[in-house]
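Since this is a predicted model, take the numbers as computed values, not measurements.
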Amino acid sequence: MACSIVQFCSFQDLQSARDFLFPQLREETPGALRRDPSKSSNWEDDSWGAWEETEPQEPEEEGNASKTQKTSWLQECVLSLSPTSDLMVIAREQKAAFLVPKWKHGDKGKEEMQFAVGWSGALSVEEGEYVTSALCIPLASQKRSSTGRPDWTCIVVGFTSGYVRFYTESGVLLLAQLLNEDKVLQLKCRTYEIPRHPGVTEQNEELSILYPAAIVTIDGFSLFQSLRACRNQVAKAAASGNENIQPPPLAYKKWGLQDIDTIIDHASIGIMTLSPFDQMKTASVIGGINATIKNSPPAMSQYITVGSSPFTGFFYALEGSTQPLLSHVALAVASKLTSALFSAASGWLGWKSKHEEETVQKQKPKMEPATPLAVRFGLPDSRRHGESICLSPCNTLAAVTDDFGRVILLDVARGIAIRMWKGYRDAQIGWIQIVEDLHERVPEKGEFSPFGNTQGPSRVAQFLVIYAPRRGILEVWNTQQGPRVGAFNVGKHCRLLYPGYKIMGLNNVTSQSWQPQTYQICLVDPVSASVKTVNVPFHLALSDKKSERAKDLHLVKKLAALLKSKSPGPDSFETEIKELILDIKYPATKRQALESILASERLSFSCLRNVTQTLMDTLKNQELESVDEGLLQFCANQLKLLHLYESVSQLNSVDFHSDTPFSDNDLAVLLRLDDKELVKLRALLEKYKHENTKTTVRFSEDADGVLPVKTFLEYLEYEKDVLSIKKISEEEYVALGSFFFWKCLHGESSTEDMCHTLESAGLSPQQLLSLLLSVWLSKEKDILDKPQSVCCLHTMLSLLSKMKVAIDETWDSQSVSPWWQQMRMACIQSENNGAALLSAHVGHSVAAQMSSNSTDKRFSQTALGADAEALTDSWEALSLDTEYWKLLLKQLEDCLILQTLLHSKASPPAAKVSSPQTEPLPRLSVKKLLEAGKGGVADSVAKWIFKQDLSPELLKCANQERDSENPDEPKEDLLRLAYEQFPCSLELDVLHAHCCWEYVVQWNKDPEEARFLVRSIEHLKHILNAHVQNGIALMMWNTFLVKRFSAATYLMDKVGKSPKDRLCRRDVGMSDTAVTSFLGSCLDLLQTSLEADISRDEMQMPVLDTEDAWLSVEGPISIVELALEQKPIHYPLVEHHSILCSILYTAMRFSLKSVKPLALFDSKGKNAFFKDLTSIQLLPSGEMDPNFISVRQQFLLKVVSAAVQAQHSVTKDKEPSEEAATTHWKDHNWPVLAVDLAHHLQVSEDVIRRHYVGELYNYGADLLGEEAILQVHDKEVLASQLLVLTGQRLAHALFHTQTKEGMELLARLPPTLCTWLKAMNTQDLQNTDVPIATTAKLVHKVMELLPEKHGQYSLALHLIEAVEAMATL
């Protein structure tokens, strides 16, 4: 029972609060352009309006300074914790974070409290003001049914501007007070405490505010009422918006401190009354020999300040010498976001006019002058400067820190320093007050003392806590002359918090019935993200050398040192331990010593037994009146546990082997299976064992069935003579079960003897069954390797079932037996399906055997006349239990097959594998499947398909008959087996729907993996039922695609071209190549939706069935059910989006410039974008504005040109890149797409076709051009365009080659032709290496298309002659 430091709370995410308060310390993740996959799902929360580039941040300072700041940042903050630990405030400069506690379940089922950020934001109102001090004051509830917890907590914050503001836990401003124009130095609070003695003056509640030259004290009752009124007004204003209730004004006193240079901190001692001697002494010092003395000593309020000149100053303000001031209250109503200032006069005379209100709001409240208060005396030390002062809980002592590294203890009443500690620079201090527990008292022999019996008054001890951050040590000292009673290494970056107050609003009546749990002192450690408190036992304050408690503690420490130092073995060691524990007087300390002995890992079993037995015998030999019953019972219980441990260890150590041979026929008889069922069971378990085999590291000391006695005693306990198992973790539970049953399950220990031993020890059959099943289900690998263990389990289960309280004989035959239900629940919850299936078979067999035995017994005892009725009752009970077992066996068999599939080994990956595909799949259990809803099975298989990256075609093939050419493909075999077990849950459309959803979810986590979205669309296209296909597509669009799609649209419209990689990552959340693939997938999805909408009218809604064994599934609604609930799409609106998607896709695919997608649509078209696809929107209709049509036509012509260029451009001396090769195969037929777009955009389709023909000839693809000519309607215009192209080819051949023959030919040409050729611009010609014979064919083609009456017909004739002449050169 020594001093200890205990963690009672931790921080859920302290780093987020640090990053908010210190943005410069925020750690940048590597690869800033890639988003965190865990946060990518919330990408849509980002602001899209910030199109401009963000300003570059200043580089962080490097070196030791920045590293130190990252760990010591808490020292620069204003920190406050509510004494009820229900709120913490961390503030710095203008910002603050409010942390609230939340309960969280730990690993061992225990609840842990964690602080999480409940609100964060800026607290400053005026420009340039910073937070200087903060308090969290819990306010008492006024309800009679209150249990002692505070109603709410008010946050009081002081600023450099002089304002003191009051907030709620959610950051709502309640009050704002400006009582002095200087900055607020410190805020301190005093709450009501019941006086310990009749002579102690009762202190009032107050809030004291320290300014550089003044102290303001606000009466606690006035503050309490004002805060309640303001909080009520905020709630009503938020509800109604127009109701205002004026709070009562605050009553405060303002003292101007004089005759002191600087003030850093203060302590308000409260009201004190001098004794007659002190009254005469003070009057003589102040008034001299002529002073007069009043009959009754006056009451005074005492204040102590620390600073310089003097180092500590003592001030005394006479009560009644000045009237309390009524403050000007500044009230903030959260719903209106305005503040109104009410003076004291307005509080009594009513509201002012609106004009007067506005003038008052713009001006600061009127400052009341301070009442001068001179320092009466102090501790003068010109070189010493005080830094902080901390008042003790009983208001008699105060601890002061200074800049010399000293901690000085002051006597408040006498005004003198009584103790000093050295070497504590930058120390943080606090107090702990401990009340004596009357039940721990033991009367002193031969002496009488009022504190020597359990009826006297409780004593109170005070301890000073000093935290030295430079040494990283926390010390606890006994005041006033006592020694150090505790020291802890806690780190160098902590903060010690000592509120010094409790709950505000209590009085002498309510405080007696309330017992709220409060922490006097707390240590916040930012490194370990924890909050700790210090526990100090009262007896550490007892400095008497004859104290029995101190002697006992010395013996306990000596025993602990003995257990650590010597190696156990010699008899003298055991004797020394016995002497030490027998010398201890206090029963509680003696029990503590025995617990430490039993918890020692170094002592042997015989030593533990002998020591416990010796203590037990000693207690029995004492007088009954002086023996502690609790200690005696504890020793008896520990001896019982040690005896049980010895018995079990002996049974496990006996060399026991069963000579009974074990065959498959025996196993079939044992499990009541025929040969065919046994073969099927063996085959399933072999596949399961093959796929679930994992190599694990096993250490030699981790032997099964071995448990140290120390651990054994920690797991079990006796309560009221009943042996029970403590709340331990699953691994510990399995270890205890292995100690009892592992040898028995291997046939190496007697099963009957073990069951008899455990039953006689007091363990219930239900606990033994739970332990047995935990061992069996957790040791699956060893059990599957040794089939004989099934026989041992059968024997063990039969013996447990025959125990007296296992199965109640009077149980209603129409109901389910709790005994077998317990076993079935264990099998249902187990994730080791192989062991669970075997145990279920064993349980079914034992249950059937016991039912048949019960039937035979009842039949033998029943008269022949009542024979039929007895058999009927027995048969009903058997039938009911059998149905439950058969249902469980079918569920476990299905789950086993599914588990085998999910953990089948993956084939060698042919393509790139992403990190999500390498993550292991979770293990299944019947309970998980029952709670996963109707789509749980398909969802699990979809995750496996995603991990294996199987194609949709393979799923279809696996669902058909087995391929004779490849009969031994294990993956398809397991998948086909799963199809057979789950014909409804794994129906192809259902499976494709879940695969589609799984792929798009994984893509959303990492949008750079564009192939995930492509594969998702492939699965979507394989869904046969149009209703399901339409619903899944609509859900994908609304959940994952439309936000990114709109972001890409606005980005491209903003930049006017295909955006660069950096902008795409910033606004869309993925790279430019990923955006291109994303737009293509969006186009596929929209086209699939249109096709599904056309065919859905011809199909019926699918009927979603469930297998008979899984009719009781509960849980979330499945994806397919959600899809069927979706409304049908509005076809024109989806087509409208498809047009926009095609435009974006082509612009990104060919990196087009000067493209603004939204400029191609009118206002109706723009407004219809990104709306719900099922809604009916006003879409463009009728004739479009010619200006829009012209812009659209120019865009489509760009698309056609870019498509032909990408297809027919020739890169000399270079092979086609791998990227180009991989993208071309998936490319659409862009000219056809452009013509289709032209149809929807009201652009002439023939213009696009003519341009396509011209571009083909321009790039020298004359053969493709001839085919494309057939689709052109206006061939006359096309011929004119091709004529120009022919002229460009001839002009390039004649003028750029400049050969002698060419010049001669040019001289022979007609002048009109020469002039026309010279006017040709050959720079537009993309392919100049076209043979002249091919050009001749083009000229003849033009002649065919031109009518004879055309104006250029003669020019074409001249061209034919020129081409033929050039062909002969």
Side-chain angles (χ1 to χ4, degrees), residues 668 670-674 676-678 680-685 688 769-770 773 776-777 780 790 793-794 797 801 807 811-852 854-855 874-901 923-938 940 977-986 1104-1115 1118:
L670 197 67
L671 299 181
R672 295 174 178 252
L673 300 174
D674 56 29
K676 185 178 179 181
E677 292 173 337
L678 183 63
K680 180 183 178 182
L681 177 62
R682 279 188 175 277
L684 289 178
L685 291 176
Y688 175 78
L769 178 62
S770 179
L773 292 177
W776 178 269
L777 297 175
E780 184 183 61
V790 177
L793 177 65
H794 190 280
L797 190 58
S801 302
I807 303 178
W811 186 260
D812 183 9
S813 60
Q814 301 298 323
S815 304
V816 181
S817 170
W819 173 260
W820 298 120
Q821 186 64 20
Q822 178 187 354
M823 184 172 182
R824 284 193 290 265
M825 285 303 300
C827 296
I828 286 174
Q829 295 173 1
S830 175
E831 296 179 355
N832 296 318
N833 297 288
L837 182 60
L838 280 176
S839 62
H841 274 291
V842 173
H844 180 210
S845 174
V846 174
Q849 179 182 351
M850 295 191 67
S851 297
S852 61
S854 176
T855 303
S874 177
W875 175 252
E876 288 178 358
L878 175 61
S879 174
L880 185 61
D881 241 346
T882 302
E883 287 303 316
Y884 275 104
W885 281 115
K886 286 183 178 180
L887 176 63
L888 175 63
L889 289 173
K890 181 65 172 69
Q891 291 174 340
L892 284 172
E893 182 180 327
D894 293 350
C895 192
L896 180 76
I897 292 172
L898 196 59
Q899 181 73 66
T900 307
L901 173 69
R923 297 187 65 85
L924 294 178
S925 66
V926 175
K927 181 182 179 182
K928 287 184 179 180
L929 289 181
L930 289 174
E931 294 176 351
K934 290 185 177 181
V937 175
S940 301
L977 195 59
Y979 284 147
E980 294 174 359
Q981 293 295 123
F982 298 96
C984 301
S985 299
L986 293 182
L1104 302 179
D1105 293 328
T1106 308
E1107 294 79 12
D1108 294 339
W1110 301 95
L1111 290 175
S1112 60
V1113 293
E1114 295 178 354
S1118 67

key: Heavy-atom pair of closest approach, residues Ala840 and Cys827   = N-SG, 4.2 Å

task = Any chance you could measure Leu769, atom CG, to Gln822, atom CD, to the nearest 0.5 Å?
result = 4.5 Å

ask   = Taking all atoms of both residues into account, what is the closest heavy-atom pair of Ser845 and His794, and its distance?
value = OG-NE2, 3.4 Å

key: Euclidean distance, Ser940 OG relative to Arg923 CZ, rounded to 0.5 Å   = 13.0 Å

request  = For the pair Asn832 and Trp776, evaluate side chain to side chain contact (heavy atoms under 4.5 Å, CB included) and give the outcome as yes or no after the intermediate values.
outcome  = CA-CA 10 Å; Asn832 296 318; Trp776 178 269; over 6 Å; no

query = In terms of the angle between their ring planes, are Phe982 and Trp1110 parallel, tilted or perpendicular, with boundaries placed at 30° and 60°?
reply = tilted

ask   = Can you tell me if Gln899 uses its side chain to pair, donor with acceptor, with the backbone of Tyr688 under 3.5 Å?
value = no

query = Any chance the side chains of Ser985 and Glu1107 put a donor and an acceptor closer than 3.5 Å?
reply = yes

key: Heavy atoms from other residues, nucleotides or ligands near NZ of Lys890 exceed 12 (cutoff 6.0 Å)   = yes

key: Test side chain to side chain contact (heavy atoms under 4.5 Å, CB included) applied to Met850 and Trp820, step by step   = CA-CA 12 Å; Met850 295 191 67; Trp820 298 120; 4.0 Å; yes

request  = Could you pull out the closest heavy-atom pair between Ala826 and Leu777, with the gap in Å?
outcome  = O-CD1, 3.6 Å

remark   = NE2 (His841) and CG (Leu793) are apart, to the nearest 0.5 Å, by 12.5 Å

request  = Among Leu1104, Thr1106, Asp1105, find the one that has a side chain to side chain contact (heavy atoms under 4.5 Å, CB included) with Lys934.
outcome  = Thr1106

request  = Applying side chain to side chain contact (heavy atoms under 4.5 Å, CB included), run through Lys680 and Glu677 and close with a yes or a no.
outcome  = CA-CA 5 Å; Lys680 180 183 178 182; Glu677 292 173 337; 5.7 Å; no

Min side-chain heavy-atom separation Leu773-Met823 under 4.5 Å = yes

ask   = In Å and rounded to the nearest 0.5 Å, what is the CG to CZ distance from Leu678 to Arg682?
value = 5.5 Å

message = For a quick test of reading the model, state the closest non-hydrogen atom pair linking Asp894 to Ala1109 and the distance between them.
response = OD2-CB, 4.4 Å

task = Determine, stepwise, if the pair Val1113 / Leu929 fulfils side chain to side chain contact (heavy atoms under 4.5 Å, CB included).
result = CA-CA 7 Å; Val1113 293; Leu929 289 181; over 6 Å; no

request  = State, to 0.1 Å, how close Gly935 and Ser1118 come at their nearest heavy-atom pair, and which atoms those are.
outcome  = N-CB, 3.6 Å

message = Using every non-hydrogen atom in the two residues, find where Cys895 and Asn833 come nearest and quote the distance to one decimal.
response = SG-OD1, 3.1 Å

request  = Give, for atom CD1 of Ile897 and atom CG of Leu977, the distance between the pair rounded to the nearest 0.5 Å.
outcome  = 4.0 Å

key: Straight-line distance of Ser830 OG to Leu892 CG, nearest 0.5 Å   = 8.5 Å

